[in-house]
Number of protein chains: 2
Amino acid sequence: MTDPARQPRRLEIRQQNETLILQAAEKVFAEAGFGGATMQLIADLAGLPKANLHYYFATKEDLYRRVVQNIFEIWLNAAQSMDDAPGPVEGIGAYIDAKMDISRRHPNGSKVWASEVMHGAPVIQDYLETTLRDWTTDRAALIQRWIDAGQMRPVNPEHLLYMLWATTQHYADFGHQIETLNGGKPLSDAQWREAKDQVKSMILRGIGALP
Amino acid sequence: MTDPARQPRRLEIRQQNETLILQAAEKVFAEAGFGGATMQLIADLAGLPKANLHYYFATKEDLYRRVVQNIFEIWLNAAQSMDDAPGPVEGIGAYIDAKMDISRRHPNGSKVWASEVMHGAPVIQDYLETTLRDWTTDRAALIQRWIDAGQMRPVNPEHLLYMLWATTQHYADFGHQIETLNGGKPLSDAQWREAKDQVKSMILRGIGALP
DNA sequence: TCGTTTCCTGACCGTATGGTCAGACAAGAG
DNA sequence: CTCTTGTCTGACCATACGGTCAGGAAACGA
């Protein structure tokens, strides 16, 4: 007969349930915050008994940490779109594209991250001080090289990065506000395309990479 | 003798305690979120017994609503810097100045607002649909007039507003991340000035209001 | 001074929450 | 089949939370 799952049954169950829980947790943490989220709510959304959650994740904080790490990794991967680019138009353009896509596809992850940072990064402070700091230093150097090569105006690379993060993540974190101002409807495909174009156009011209 | 308080004693006490509680509440809500904040924590920070808080504010949600309304009004007032400006350089420049100053002086209020919107605006949805929507429509029209007058490039006014909000508020909402990337130290006066200049420069050039 | 209103607070209550645990059950190994 | 290991869960517990309340203290008006 068919053999849809090549893995051993146990591993399959484990992975499936962990994913189920993580997805539910991301949504609940995004909508209620860490303090407002309850294990019962996450359990109900995942369709599992609460005790089962504690079998896979010892504490609420463990579960939360995993959710935060997930979105952070997604962002780090997207950042590679910036490298290997011949100049700011392609590099920063691609980065904006990638981050806007993530804002659309993972709005909850973005919100959880924002919430975590706003509360002083109690559980991912070490990531900020190591991975993120290194990443930022490297990209700032990359931008500086573009500046030195005359491919864009001399701007402060760090503040440019802040602007990139702020603008792209705003479409996820403040999606509800944008939706309300959009007549209560989520942005359509065309509107998302326009948002991307507008952001890219304004920023790339703002740094003198486009005429 | 001296008469430091001209008001009747009762009114004075009331105002003083309400302010004390609101300040403490803003900080605790910003640092812990609505769900993570406790009346006991707010009471301790305000130096009052918990029961006293419930004498002035019936419920936790009432207190929270007042905190959110406060920052919203501060922002609305700042927005007037945009009107009566002859063009985008002065208008948007002044708006950025004002919003950056608020980000520096009221970071907690900004965080509470961000948190509220991220969670779907459960208590200020009506503000979004009335006051904020009207405000946005008016300013979008103002920007459109500048575009029609050839004072800036034709951009989508709404997305420009989003970028202004995102970029300026980022310095408050993600202040902890910025501080960490700044070597663990808060931005100095000079750094805040540079941040303002960079934001203004990039955005005003991005919309073609500056060469 | 006396009565009234406002302010204040320790003690208390019902509820909801994160987490535990004993034991049932299923999967794999031999 | 048997034993071991991993998976599952209802019932339970201690704690912490938002909110209440009776009654005392202070301010005020007459």
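Here the structure is a predicted model, which means the values were calculated and not measured. Hydrogens, waters and symmetry mates are skipped; everything else that's a heavy atom, side chains included, is used. The sequence lines fix the lettering, A, B, ..., with proteins before strands; numbering per chain opens at 1.
Using a 4.0 Å heavy-atom criterion, one finds that B:Leu48 contacts no nucleic acid atom at all. Within the nucleic acid shown, B:Tyr56 comes within 4.0 Å of sugar-phosphate atoms alone, with no base atom in reach, counting heavy atoms only.
Counting only heavy atoms from C-beta outward, the side chains of B:Ile124 and B:Phe72 never approach each other to under 4.5 Å. Side-chain atoms of B:Ile42 and B:Leu48, non-hydrogen and from C-beta on, never get closer than 4.5 Å to each other. Taking 4.5 Å as the limit, some side-chain heavy atom of A:Ile92 sits within range of a side-chain heavy atom of A:Trp146.
Ring geometry, B:Trp192 versus B:Tyr171: the interplanar angle falls from 30° to 60°, so the pair is classed tilted. Relative ring orientation between B:Tyr64 and B:Phe29 is described as perpendicular, the plane-to-plane angle rising above 60° on a 0-90° scale split at 30° and 60°. Taking the six-membered ring for Trp and thresholds of 30 and 60 degrees, B:Trp135 and B:Tyr95 have ring planes inclined between 30 and 60 degrees apart.
Look at CD1 on A:Ile13: it is 8 Å from C1' on C:dA27, rounded to the nearest Å. Between B:Gln15 atom CD and C:dC7 atom C1' there is a gap of 15 Å when expressed in whole angstrom units. Atom CD of A:Gln16 and atom C1' of C:dA26 are 15 Å apart (whole Å). If you take CG of A:Leu20 and P of D:dT7, they are 15 Å apart, rounded to a whole angstrom. If you measure from atom CD of A:Glu12 to atom C1' of D:dT7, you get 14 Å, rounded to the nearest angstrom. The distance from atom CG of B:Leu63 to atom P of D:dG19 is 10 Å, rounded to the nearest whole Å. For B:Tyr64 and D:dG18, the OH to P distance is 14 Å, given to the nearest whole Å. Atom pair A:Leu11:CG and C:dA27:C1' shows a separation of 13 Å (rounding to whole Å applied).
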Give me, pair by pair, the N or O atoms of the protein and of nucleotides 17-20 of chain C that are less than 3.5 Å apart, along with how far apart they are.
unit_1 : atom_1 : unit_2  : atom_2 : d
C:dG18 : OP1    : A:Ala37 : O      : 3.1
C:dG18 : OP1    : A:Lys60 : NZ     : 3.1
C:dG18 : OP2    : A:Met39 : N      : 2.9
C:dG18 : N7     : A:Lys50 : NZ     : 3.0
C:dG19 : OP2    : A:Lys60 : N      : 2.7
C:dG19 : N7     : A:Lys50 : NZ     : 3.1
C:dG19 : O6     : A:Lys50 : NZ     : 2.8

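Within the 4.0 Å cut-off from OP1 or OP2 of D:dT7, at least one side-chain nitrogen or oxygen of A:Tyr55 is found. Proximity of A:Arg14 to the phosphate of D:dT7: a side-chain N or O atom is located under 4.0 Å from OP1 or OP2. OP1 or OP2 of C:dC8 sits under 4.0 Å from a side-chain N or O of B:Asn17.
Donor-acceptor pairing under 3.5 Å is lacking for the side chains of B:Tyr162 and A:Gln198.
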